[in-house]
Amino acid sequence: MWVVAFGKHKIHKHWNGFSITDAAFRTKEGVGVGSTVADFDRAYGLSSFSEEEGCHWIFENKTIIFALESGCVPDRQQKVHRVWVATRAPRR
């Protein structure tokens, strides 16, 4: 993992994407760490709750996985404390 710092703000670069725990970073829709799962749902459509490899909410399409870590209770009013964006491995 790499840590990319912008002054005191950091993004964690992983082999297949990146994760953010800093509330300073927001999407163009204005959501990020500290927003609720419901806020992300309003911006991106309904997410699904998963307990696979740790509890998280996930939005999927054909090219990326956008996951939110917010605790292990499927409550959409929980605040998000990590945002993870990963690319899908190419299909062979």
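FYI, the numbering just counts along the sequence from 1.
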(message) Rounded to the nearest 0.5 Å, what separates atom CZ in Phe6 from atom CD1 in Ile11?
(response) 4.5 Å
(request) Enter the distance from Phe66:CZ to Phe40:CZ here, rounded to the nearest 0.5 Å. (result) 4.5 Å
(message) Please say yes or no: joined through hydrophobic side-chain contacts below 4.5 Å, possibly via intermediate residues, are Phe18 and Val4 part of one cluster?
(response) yes
(request) Flag the pair Phe49 / Val37 as yes when at least one side-chain heavy-atom distance between them is below 4.5 Å, and no otherwise. (result) no
(request) Work out which heavy atom in His81 is nearest to a heavy atom in Gly71; give both atom names and the distance. (result) NE2-N, 3.8 Å
(request) Please identify each residue that fulfils side chain to side chain contact (heavy atoms under 4.5 Å, CB included) with Val73, with sequence neighbours left out. (result) Asp75, Gln78
(request) Can you sort out the partners of Asp41 under salt bridge (charged side-chain N to carboxylate O under 4.0 Å, His left out), two or more places apart, ordered by chain and number? (result) Arg76
(message) By the salt bridge (charged side-chain N to carboxylate O under 4.0 Å, His left out) test, which pairs, at least two apart or in different chains, include something from residues 10-27?
(response) none
(request) Kindly write out the residues that satisfy side chain to side chain contact (heavy atoms under 4.5 Å, CB included) with Ser50, not counting sequence neighbours, or none if the list is empty. (result) Glu52, His56
(message) Filter on disulfide bond (SG atoms under 2.5 Å apart), then keep only pairs touching residues 24-61, sequence neighbours left out; what's left?
(response) Cys55-Cys72
(request) Could you walk me through whether Thr21 and His12 pass the side chain to side chain contact (heavy atoms under 4.5 Å, CB included) test, one step at a time? (result) CA-CA 9 Å; Thr21 57; His12 302 266; 4.2 Å; yes
(request) Could I get the full list of side chain to side chain contact (heavy atoms under 4.5 Å, CB included) partners for Glu53, not counting sequence neighbours? (result) none
(message) A side-chain contact here means heavy atoms from C-beta on lying under 4.5 Å apart; do Phe25 and Val83 qualify?
(response) no
(request) Please identify each residue that fulfils ring pair (Phe, Tyr, Trp, His ring centres under 6.0 Å) with His14, with sequence neighbours left out. (result) Trp84
